[in-house]
Amino acid sequence: MAQIQHSPPSDFIREIIEDHSRTKRFKGRVATRFPPEPNGYLHIGHAKSVCLNFGIAAQYGGACNLRMDDTDPSGETQEYVDSIIRDVKWLGFDWEDRLYYASDYYEQLYQYAVQLIKESKAYVCSLSADEIREHRGTLTEPGKESPYRNRSVEENLDLFKRMQAGECEDGALVLRARIDMASPNIVMRDPVLYRIKRTHHYRTGNQWCIYPMYDFAHCLSDSIEKITHSICTLEFENNRPLYDWILDGLKTECHPQQIEFARLNLSYTVLSKRRLIELVRKGYVTGWDDPRMPTIAGMRRRGYTPEAIRSFCERIGVAKNDSIIDMALLEHCVREDLNEKAPRVMAVLHPLRVVIDNYPESRVEEFDSPYHPQNPILGSRKVPFSRVLYIEQEDFMENPPKKFYRLSPGREVRLRYGYFIKCVGVVKDPKTGQVVEVHCTYDPETRSGFAPDGRKVDATIHWVSAEHSISAEVRLYDRLFQVANPMGEEGDFTKYLNPKSLEILTTCRVEPGLATIKSEDRFQFERLGYFCLDLKDSIPGRPAFNRVVTLRDSWAKLAGQEKK
RNA sequence: UGGGGUGUCGUCAAGCGGUAAGACACAGGUCUUUGGAACCUGGAUUCGGAGGUUCGAAUCCUCCCACCCCAGCCA
């Protein structure tokens, strides 16, 4: 099976890097980093950034660091660090020994701040948070200078030391950059560099009570790690002048180039950490790894493969346009990957009892059934066949419409890997009129799947032997939201949650071979979709499967059109 | 009504002054022991709009319009 070859990715960021290579801007060196804040789980949007940063490093012979951007102790935890490490690794990337923490730079960062003060480029401000906001001005009006802006270097040094020593209340003092209160760019109006926060830090404990702000910590962390290209999302474009101002002011040896790209948006879901946390906290989903979540952990549990996610991240491209990618593309990537490598097995989600009237009561046959129609390397297994079977309720219709060509009274179909059967009667529930059992006859001459007389059959349906199949739970997942862009609609986004995003089926029957699997391997349940064993919820003898994605279904499309 | 960005098919996205790639989606068709997969075909006379420069403009210039980001001691 040929691997799908995609053209080598090219985008404006790689163009910039190649330009830098030509002009020897960084002596031809390329170093990137993926810098998540450990205050939540990674999602598919992060995956885009991970693939970009690690991908670029690999492509240009450089390295990509994994850095925890942990500069705000509230909300950051070791659990999140662990999940990030697990997820990036699972995605298939390797940072070798380059796992860094901004919190490991606190001492250096502090010294840099002292240097800035000594050069009169930063000052300690005694204004309250409210006052600072009032002084900041608005989008159209310049700000006012703080009355503390011209404290002497000595006083600033002393005050900053006291901040650090824990002599002040939270919020009493902040360290600010002395830039320009009249700047049209609000970020440059004497931004706060350090704040006092007596909060326990998951790594440094109570060692520090002052913490650097993002703008101060990030550029310097990049510089300390000798990053060449600091790739981030568009909302930081306004912050780039500050990034450069700090590094210029400190005359650091390494001054990385910040480059911004558009963050990923995906239709029918939300991709902001705030919103995802809300879904988890308020119990709309069962956790960060709920298979409906767009988190790496959720998609993994759902059954998405790292290869599919990487392929998706490559195909969506990298640009500066705000965009919403169609979820259908992600699903396509998942199908494309799973089509190639998922073994085919048979499972009946909504069982309908079928009795083969002319098949001997106690007889059992085994049909050798290949795991993959195009790839014999995957091998085959034996599937037991007997007089009583289950087929999919949907595969039988007593009064079929024109284009329905599965089983119905008087019609003949092929059982996958087995005989032709013909419907000769139905048994109905006397109360409801529902068909509860279908009677068929089989043609012993069609064991090969073909009739010696050359007659054809319109459909092939899947089945399991009633006696030999095992019971399973199957969860059918659908899109989390009912609307393509929940954040673009009126009111609270949770209003648009899809009430049918999860359907739990408890009466499914699967072929016996599935009783013993233990890994998170994915299968194709023939004609239904791709399914993945749920390690968390399976119990011995009763597996639970998550539907990764359906197969493309032109019948459903047809049937849906006729309803309209 | 400041500053920073972005506008090319339904959704993404190439294009870098020489006459609109590709992918997904969609619509037809071939094939088929999965109504799957695979394969073939179809689609922007036009690039947010209006002017201008040019033999020639999605690409250059001018003006206009729309959308996104910024007034956390979050990142």
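Per chain, numbering begins at 1; letters A, B, ... match sequence-line order.
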Are A:Arg195 and B:rA75 close enough that a side-chain N or O sits under 4.0 Å from OP1 or OP2? yes
Can you tell me which nucleotide in B:rA13, B:rA75, B:rG36 comes closest to the side chain of A:Glu235? B:rA75
Any residue of residues 123-134 of chain A with a heavy atom less than 4.0 Å from an atom of RNA chain B: A:Leu127, A:Ser128, A:Ala129, A:Ile132, A:Arg133
Counting primed atoms plus P, OP1 and OP2 as sugar-phosphate and everything else as base, spell out the protein contacts along nucleotides 24-32 of chain B at 4.0 Å heavy-atom distance: B, S or - for each nucleotide, 5' to 3'. SSSS-----
Can you tell me, in whole Å, how much space there is between the P of B:rG3 and that of B:rC64? 13 Å
Chi class for B:rG17: syn within 90° of 0, otherwise anti: anti
Between B:rA57 and B:rU11, how many Å separate the two C1' atoms, rounded to a whole number? 27 Å
Using the C1' atom on both, measure B:rA21 against B:rU59 and round to a whole Å. 16 Å
Whether the side chain of A:Arg240 and the base of B:rG4 hold a donor-acceptor pair under 3.5 Å is what I'd like checked. no
Are a donor atom and an acceptor atom from the side chains of A:Tyr243 and A:Gln258 found within less than 3.5 Å of each other? no
Roughly how far apart, to the nearest Å, are B:rA27 and B:rC16 at atom C1'? 35 Å
Strand partner of B:rC67, provided both Watson-Crick or wobble distances fall under 3.5 Å: B:rG5
Under the 6.0 Å and 45° cation-pi test, does A:Arg275 pair with A:Phe493? yes
Assign A:Pro373 to base, sugar-phosphate, or nothing according to its heavy-atom contacts below 4.0 angstrom with the strands shown. base
Any donor-acceptor pair under 3.5 Å between the side chain of A:Asn238 and the base of B:rG5? no
Paired nucleotide for B:rA23 [Watson-Crick or G-U wobble; both distances under 3.5 Å]: B:rU11
Near RNA chain B, counting only heavy atoms under 4.0 Å, which residues of residues 164-172 of chain A show up? A:Gly171
Would you call the rings of A:Tyr41 and A:Tyr80 parallel, tilted or perpendicular if under 30° counts as parallel and over 60° as perpendicular? perpendicular
Is the phosphate of B:rG7 approached by A:Asn321 (side-chain N or O, under 4.0 Å from OP1 or OP2)? yes
Just call it for A:Glu15: base, sugar-phosphate, or nothing, with non-hydrogen atoms closer than 4.0 Å on any strand. base
Contact class for A:Phe236 vs. all strands (heavy atom < 4.0 Å): base, sugar-phosphate, or nothing? base
OP1, OP2 of B:rG36 versus side-chain N and O of A:Ser554: anything below 4.0 Å? yes
What's the gap between B:rC63 and B:rG22 when it is taken at their C1' atoms, as a whole Å value? 35 Å
For RNA chain B, whose closest nucleotide is more 5', that of A:Leu234 or that of A:Phe12? A:Leu234
OP1, OP2 of B:rC74 versus side-chain N and O of A:Lys273: anything below 4.0 Å? no
Looking only at the side chain of A:Glu526 (C-beta and beyond, no hydrogens), which of the listed nucleotides B:rG2, B:rU34, B:rA75 gets closest? B:rU34
Need one value for A:Ile316: base, sugar-phosphate or nothing, where a base atom within 4.0 Å counts as base even if backbone is also close, heavy atoms only. sugar-phosphate
Paired with B:rU54: which nucleotide, if any, by Watson-Crick or G-U wobble criteria at under 3.5 Å for both distances? none
P-based separation of B:rG29 from B:rG51 [nearest Å]: 44 Å
Mapping A:Ile196 and A:Asn185 onto RNA chain B by nearest heavy atom, which one lands closer to the 5' end? A:Asn185
Give a yes/no verdict on a cation-pi contact between A:Arg547 and A:Tyr530, requiring under 6.0 Å between NZ or CZ and the six-membered ring centre and an angle within 45° of the axis. no
Is A:Glu237 side chain donor-acceptor paired with the B:rC68 base, going by distance under 3.5 Å alone? no
Check the side chains of A:Thr23 and A:Asp19 for a donor-acceptor pair under 3.5 angstrom, ignoring hydrogens and angles. no
Proximal nucleotide (of B:rC73, B:rG35, B:rG36) relative to the A:Gln374 side chain: B:rG36
Distance test, side-chain N/O of A:Ser183 to OP1/OP2 of B:rG3, below 4.0 Å: no
Do the ring centers of A:Phe385 and A:Phe367 come within less than 6.0 Å of each other? yes
Consider the side chain of A:Leu139, meaning its heavy atoms from C-beta on, and name the nucleotide among B:rG35, B:rC73, B:rG2 that approaches it most closely. B:rG2
If you measure from the P atom in B:rG7 to the same atom in B:rG49, how many Å do you get, rounded? 13 Å
Approximate separation, where rounding is to 0.5 Å, of A:Cys440 SG and A:Glu412 CD: 10.0 Å
Would you classify A:Val318 as touching base, sugar-phosphate or nothing, given that sugar-phosphate means primed atoms plus P, OP1 and OP2, and contacts are heavy atoms under 4.0 Å? sugar-phosphate
Tell me which nucleotide among B:rG2, B:rC12, B:rA75 gets nearest to the side chain of A:Ser323. B:rC12
Under 4.0 Å from OP1 or OP2 of B:rC73: is there any side-chain N or O of A:Arg136 that close? yes
Taking any heavy-atom pair under 4.0 Å as a contact, classify A:Arg189: base, sugar-phosphate, or nothing. nothing
Distance only, no hydrogens: is a donor on one side chain within 3.5 Å (strictly under) of an acceptor on the other, for A:Ser128 and A:Glu131? yes
Does the side chain of A:Thr460 pick up a donor-acceptor pair with the side chain of A:Arg416 at under 3.5 Å? no
Return the stacking result for B:rA75 and A:Tyr214: yes when the ring centres lie under 5.5 Å apart and the planes under 30°, no otherwise. no
